Amino acid sequence: MNLQIDDQGRLRHFLSVDGLNRDILVDILDAAESFAGVPEQTVKKVPLLRGKTIVNLFFEASTRTRTTFELAAKRLSADVLNININASSAVKGETLLDTLRNLEAMHCDMFVVRHADSGAAHFMAAHVQPHVAVINAGDGRHAHPTQAMLDMFTIRRQKGDFGPLCVAIVGDILHSRVARSQIQALNMLGAGEVRVVAPRTLLPLEVESLGVRAFTDLKQGIHDADVIMMLRLQRERMQGALLPSAHEYFYRYGLTEKRLSHAKDDAIVMHPGPINRGVEMDSQVADGPRSVILQQVSHGIAVRMAVMSMAMRSREAAAREAT
Ligand code: NCD
């Protein structure tokens, strides 16, 4: 059973890019386009989710993702509850299912979940009541689909069509849920060429099977690229000595103005944040004219509004059809 798409082909839960299809991804991007203007209105709100209660259930630290989900929910006129589980039940030993059942008893309509375990959002989606939607805000090393979609939205706004694009994803591919979701989304949307660039120790085995070309040399990997997506070194997920040092990493893989000259003249530079300046890239690039990093953050709100409203609308329609 596909947990993400209901029998009418509508988005039901948003758990990973994998398992969706091109049409749904394009619907998300188009809906996000329609929400992108909302912050410019005098009243920065639309009433689509009025009367709905959304719970941000974060078992892992986050600033950008949590706040943009919260703003997105508020701009859709929903009531939002933020629960930081580090300081709550998990510490006391409550299971994920018990947490879920308690929140359902409070009549919540949507869960936005971030969890250190891969599969946590899928688990919740498999156990919620039919009228409740689950959105994955990052699970372990597995997936971070709203990040990938805000990246796709940023690319589409900057470059238009995906077909002719060469996109290089640079950095800690091995530990990155963002990279996995980006690769799936780029391939589903028909990007011309998707590359990954990293030291061999930070590339998954048989990475080519994901539909990418792999490079261990930065200059070659970004040669003639239209889009460079940098990733943070996920030190908290590294066991053992995968890297000599941050200094050595910057020396070989850090993006500088000089190295950027190997990409196309109009190449854009992206990063999901948080950036380690002087490790993944220097400040000249992060703050330079090719950087669209802060646009990614703004677009995160529109894309999250799109995903939340699509999932909620399908749950409402399903409830109507059931009666
Ligand atoms: C990413 C994450 O949490 O997976 N950050 C984010 O959502 N903005 C990437 C990262 O932590 O490096």
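Indexing begins at 1, ligand by ligand and atom by atom, following the structure's order. Nothing here was measured: the structure is a model prediction, and the numbers come from that model. Numbering of residues begins at 1 and proceeds along the displayed sequence. Heavy-atom basis, side chains included; hydrogens, waters and symmetry copies ignored.
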Participant: Any atom of ligand 1 sitting under 4.0 Å from a heavy atom of Glu60?
Facilitator: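 Judged by the 4.0 Å heavy-atom criterion, Glu60 does not count as contacting ligand 1.
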Participant: So among Ile173, Val196, Val170, which one has a side chain to side chain contact (heavy atoms under 4.5 Å, CB included) with Leu231?
Facilitator: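 One option only clears the test, and that one is Ile173.
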Participant: Quick one: look up the protein heavy atom nearest atom 11 (O) of ligand 1 and list residue, atom name and how far away it is.
Facilitator: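 Checking every protein heavy atom, the shortest distance to atom 11 (O) of ligand 1 gives Arg232 NH2, 3.0 Å.
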Participant: For His223, does the NE2 atom have more than 12 heavy-atom neighbours from other residues, nucleotides or ligands under 6.0 Å away?
Facilitator: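 No, NE2 of His223 has 12 or fewer neighbouring heavy atoms, counting only those of other groups under 6.0 Å.
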Participant: If you count the non-hydrogen atoms of other residues, nucleotides and ligands that lie under 6.0 Å from NZ in Lys258, is the total more than 12?
Facilitator: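 Atom NZ in Lys258 is not crowded, with 12 or fewer foreign heavy atoms closer than 6.0 Å.
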Participant: So which protein heavy atom does atom 8 (N) of ligand 1 come closest to, and at what separation?
Facilitator: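 That would be Pro272 O, 3.0 Å.
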Participant: Run the salt-bridge test on Asp7 and Arg12 with the 4.0 Å N-O cut-off and return the result as yes or no.
Facilitator: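 No.
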Participant: What verdict does the side chain to side chain donor-acceptor pair (under 3.5 Å) test give for Arg232 and His271, after you've listed the backbone C-alpha separation in whole Å, the side-chain angles of each residue and the deciding distance to 0.1 Å?
Facilitator: CA-CA 8 Å; Arg232 182 176 66 86; His271 194 301; over 6 Å; no
Participant: Name the residue from Val227, Ile228, Leu186 that meets the side chain to side chain contact (heavy atoms under 4.5 Å, CB included) definition with Ile169.
Facilitator: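 The side chain to side chain contact (heavy atoms under 4.5 Å, CB included) with Ile169 is passed solely by Leu186 among Val227, Ile228, Leu186.
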Participant: Quick one: which ligand 1 atoms are inside 4.0 Å of a heavy atom on Arg64?
Facilitator: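 Numbered from 1, ligand 1 contributes 8 (N).
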Participant: For Arg177, take its heavy atoms, then give the atoms of ligand 1 lying under 4.0 Å from any of them.
Facilitator: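 Under 4.0 Å from Arg177, ligand 1 has these atoms: 2 (C), 3 (O), 4 (O).
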Participant: Please lay out, stage by stage, how Gln8 and Glu321 fare under the test side chain to side chain donor-acceptor pair (under 3.5 Å).
Facilitator: CA-CA 11 Å; Gln8 305 290 316; Glu321 285 151 20; 4.5 Å; no
Participant: Could you tell me which atoms of ligand 1, counted from 1 in the order shown, lie closer than 4.0 angstrom to a heavy atom of Arg114?
Facilitator: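 Numbered from 1, ligand 1 contributes 2 (C), 3 (O), 7 (O).
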Participant: Would you say Gly138 touches ligand 1, if touching means a heavy atom closer than 4.0 Å?
Facilitator: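 No, Gly138 has no heavy atoms under 4.0 Å from ligand 1.
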Participant: Just to be sure I read this right, does ligand 1 sit under 4.0 Å from the backbone of Gln296, its side chain, both, or neither, counting only heavy atoms?
Facilitator: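 Gln296 to ligand 1: no contact under 4.0 Å from either part.
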Participant: For Phe59 and His115, take the angle between the two ring planes, folded into 0 to 90°, and tell me which bin it lands in: parallel under 30, tilted 30 to 60, perpendicular over 60.
Facilitator: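 Judged by the thresholds at 30° and 60°, the geometry between Phe59 and His115 is tilted.
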Participant: When you measure from atom 5 (N) of ligand 1 to each heavy atom in Gly273, Gly300, Ser181, which option holds the nearest one?
Facilitator: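 Minimum heavy-atom distance to atom 5 (N) of ligand 1 goes to Gly273.
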Participant: Counting each atom of ligand 1 from 1 as listed, which ones have a heavy atom of Thr65 under 4.0 Å away?
Facilitator: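 Checking each atom against Thr65, I get 6 (C), 7 (O), 8 (N).
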Participant: Pull out every atom of ligand 1 sitting under 4.0 Å from any heavy atom of Val178, numbered as shown with elements.
Facilitator: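 Per the distance check, 1 (C), 4 (O), 9 (C).
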Participant: For atom 7 (O) of ligand 1, what's the nearest protein heavy-atom neighbour? Residue, atom name and distance, please.
Facilitator: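 In this structure, atom 7 (O) of ligand 1 has His144 NE2, 2.7 Å as its nearest protein heavy atom.
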